[in-house]
2 protein chains.
Amino acid sequence: MRIMIDGHPRDMRAVWCDEGTVRMLDQRLLPHRVEVVGLVDHRQVAKAIRDMTVRGAPAIGVAAAYGMMLAANRGEDLQVAAKELKATRPTAFDLFFAVDHMLSEMEAGADPTDAAEAYADTIVKRCQLIGEHGERLIRDGARIMTHCNAGALATVDYGTALAPIREAWRKGKKLFVYVSETRPRLQGMKLTSFELMNEGIPHAVVPDGASGHFMREGVDLVIVGADRIAANGDFANKIGTYEKAVLANELGVPFYTAAPLSTFDLSIERGEDIPIEYRGEEEVTVVDGVRLAPYGCKALNPGFDVTPRRYLSGIITERGVLKPEEIIMGLRGERL
Amino acid sequence: MRIMIDGHPRDMRAVWCDEGTVRMLDQRLLPHRVEVVGLVDHRQVAKAIRDMTVRGAPAIGVAAAYGMMLAANRGEDLQVAAKELKATRPTAFDLFFAVDHMLSEMEAGADPTDAAEAYADTIVKRCQLIGEHGERLIRDGARIMTHCNAGALATVDYGTALAPIREAWRKGKKLFVYVSETRPRLQGMKLTSFELMNEGIPHAVVPDGASGHFMREGVDLVIVGADRIAANGDFANKIGTYEKAVLANELGVPFYTAAPLSTFDLSIERGEDIPIEYRGEEEVTVVDGVRLAPYGCKALNPGFDVTPRRYLSGIITERGVLKPEEIIMGLRGERL
């Protein structure tokens with residue numbers, strides 16, 4: 001991804017490995033500060049996943065793969081490390097997928113660093129392919145809505161939902177992107193707009209509750225990411241996704257999710273069975289250190305919601321755009 | 001409304017007149033500071049409406065009525081004062097209704113202070129009746145969702161959407177209220193939760209985008225206020241209302257708006273003709289003085305959206321619960 005630093009473009013990933021140290025952008029400080037942290041053991045990686053220094057299902061997966069690499073290179077117990085990494089966040093499937101993938105690669109004798117780097121490269125490559133497949137859904141002059149951040153920051157590079165947008169823009173299509181701000185943590189306003197500004201793609205942030213209003217005024221396409229996709233095509237994504245799916249459906253606006261196959265959990269039949277993370281209420285009542293709600297006021301803060309497959313026009317993957325009903329027959333049993 | 005100040009309950013209105021001075025709670029400082037401002041001419045009232053010291057359609061109407069009283073008592077040109085007051089905000093109909101009502105009362109020889117006090121008392125009485133009629137829609141143990149603040153702060157006393165909730169609670173019904181926070185200005189989190197806490201009514205604030213998630217988990221009833229209701233039953237209300245209406249409809253959850261007849265604009269046939277106020281983008285990108293979006297990032301900030309009447313289960317008024325299609329036949333030609 002291209003990031004402008006002091007007026008100069010720099011190409012970087014959201015998570016990478018540099019001479020045995022795992023490095024990542026501290027996403028909690030964006031958009032105002034671009035700061036890179038270095039992590040030397042898997043416990044630091046687990047902490048970075050838990051406190052959302054790194055977030056976004058595919059990027060969490062890559063961070064976890066690097067975490068397993070650090071554990072292996074330090075001679076730690078890999079089963080314990082796997083357990084600690086998996087205990088950080090419950091909803092995004094890539095986390096579990098990446099840890100299990102690293103375990104089986106290393107059992108098969110792979111070098112831990114090579115395996116982690118290959119995992120990261122595979123995810124990046126898949127996002128590139130998602131961009132190429134999804135770009136065909138975008139007409140010149142399209143008005144596209146997205147939610148949360150499913151960009152390069154969430155996936156190491158390119159993005160899932162943002163990959164087709166990036167690709168269409170690079171091909172010279174005119175675009176306008178409605179970015180729903182994504183309360184409570186505002187990943188839309190803070191991260192997606194940061195990525196779009198760095199690329200120069202025209203966009204505006206809108207309050208989450210204004211999404212329906214703008215869809216009604218005229219949105220051609222909604223593209224969001226996914227944290228876990230069940231075998232029947234239901235999927236979990238950032239809270240607020242379900243609402244956009246219902247609204248798009250009501251208004252006849254095509255609604256897509258974009259995700260690599262590492263986000264598909266075929267062991268889960270239906271969306272109702274996906275575990276939903278509840279996060280602390282201060283994420284809602286306190287914004288950037290400022291207490292907004294009355295003291296003593298309760299808040300509820302589900303991190304994700306589940307969108308039934310019937311609202312989905314399709315799933316943009318590295319294999320092409322799948323119909324939700326194609327998942328079970330097409331993918332079951334396949335691995336990375 | 002009851003407000004706890006230093007642990008002691010105090011009964012007060014959101015706007016009132018005290019020996020020729022118009023007083024109002026500064027709603028921009030709530031919930032953390034309870035501060036009363038005093039206004040001595042209609043220009044100060046116009047400023048207070050414009051800068052949202054006072055907000056909520058019926059409360060804006062009462063403030064404007066007091067503004068007309070101040071202009072009359074100071075011997076100012078009433079047509080000019082009416083124009084200045086009407087130019088403050090475009091969407092809420094009570095503003096225009098109240099100013100025209102005061103003009104015609106004074107033309108008919110009424111004392112300005114008596115007319116303004118009578119207007120305020122009428123609105124309060126109507127909200128009380130809205131509470132009584134709406135309370136019957138609420139079962140013991142109900143989970144109710146509301147949006148923005150359509151409480152005593154928005155209406156001088158009792159509220160519109162909150163009046164039935166207040167009434168049900170006072171009658172001893174068990175309740176739980178989901179308060180959607182209402183970005184960008186967070187009137188749900190800051191004002192509605194303040195009112196509910198002062199009354200001791202159980203509730204939780206939820207991010208706007210989580211409303212659909214909780215409706216799906218189980219909400220019995222959605223009640224919101226209204227800023228302007230067209231003759232066909234379409235209505236404008238705080239941005240985010242339309243989304244909740246669509247979601248409630250999709251999920252089979254009854255969806256009501258509550259408003260006094262002063263909010264009905266029978267000169268407007270359909271919702272599309274209601275003027276929608278766009279407000280500054282800093283309301284979205286800056287929260288309580290903290291810049292959250294990247295510098296240079298654009299935001300769109302419509303203050304209101306329009307909900308088509310087909311999503312409405314009914315309109316709770318001082319006359320009872322009306323079906324949207326009853327409006328034109330039942331109310332046309334009637335006045336306060």
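Sequence lines set the chain letters: A, B, ... in the order given, protein chains first and strands last, and positions in each chain run from 1.
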>> Please classify the contact of B:Val306 with chain A as side chain, backbone, both or neither, using a heavy-atom distance under 4.5 Å.
In response: both

> Who among B:Glu283, B:His32, B:Lys190, B:Glu281 has the most heavy-atom pairs with chain A under 4.5 Å?
Replying inline: B:His32

> Relative to chain A, which segment of B:Leu30 carries a heavy atom at a distance below 4.5 Å: side chain, backbone, both, or neither?
Replying inline: neither

>> Can you tell me which of B:Lys238, B:Arg183, B:His147 forms the most heavy-atom pairs within a distance under 4.5 Å of chain A?
In response: B:Arg183

> Among B:Ala204, B:Pro294, B:Ala299, which has the most heavy-atom pairs under 4.5 Å with chain A?
Replying inline: B:Pro294

>> Evaluate A:Val287 against B:Val290 for side-chain contact (heavy atoms from CB on, under 4.5 Å), listing each step before the verdict.
In response: CA-CA 9 Å; A:Val287 173; B:Val290 182; over 6 Å; no

> Which of residues 205-218 of chain B get closer than 4.5 angstrom to chain A, counting heavy atoms alone?
Replying inline: B:Val205, B:Val206, B:Pro207, B:Asp208, B:Gly209, B:Ala210, B:Ser211, B:Gly212, B:His213, B:Phe214, B:Arg216, B:Glu217

> Side chain, backbone, both or neither: which part of A:Leu186 has a non-hydrogen atom closer than 4.5 Å to chain B?
Replying inline: side chain

>> Please find the pair of heavy atoms, one from A:Met189 and one from B:Ala293, that lie closest to each other, and give the distance.
In response: CG-CB, 3.5 Å

> Is the count of non-hydrogen atoms from other residues, nucleotides or ligands lying under 6.0 Å from B:Arg2 atom CZ greater than 12?
Replying inline: yes

>> Is B:His203 in contact with chain A via its backbone, its side chain, both, or neither, using a 4.5 Å heavy-atom distance?
In response: both

>> Which one wins on heavy-atom pair count under 4.5 Å against chain A: B:Asn249, B:Leu247, B:Asp305?
In response: B:Leu247

> Can you tell which of A:Tyr278, A:Phe194, A:Phe304 has the highest number of heavy-atom pairs within less than 4.5 Å of chain B?
Replying inline: A:Tyr278

>> Going by ring pair (Phe, Tyr, Trp, His ring centres under 6.0 Å), name the residues that satisfy it together with A:Phe176, two or more places apart in sequence or in a different chain.
In response: A:Tyr178

> Checking heavy atoms, do the side chain of B:Glu181, its backbone, both or neither come under 4.5 Å from chain A?
Replying inline: side chain

>> For the CD atom of A:Glu250 and the CD atom of B:Glu250, what is their distance to the nearest 0.5 Å?
In response: 7.0 Å

>> I need the A:Lys298 NZ to B:Met197 CE distance, nearest 0.5 Å.
In response: 8.5 Å

> What do the steps show when you test B:Leu292 against A:Asp288 for side-chain contact (heavy atoms from CB on, under 4.5 Å), and what is the final call?
Replying inline: CA-CA 8 Å; B:Leu292 298 168; A:Asp288 273 35; 3.4 Å; yes

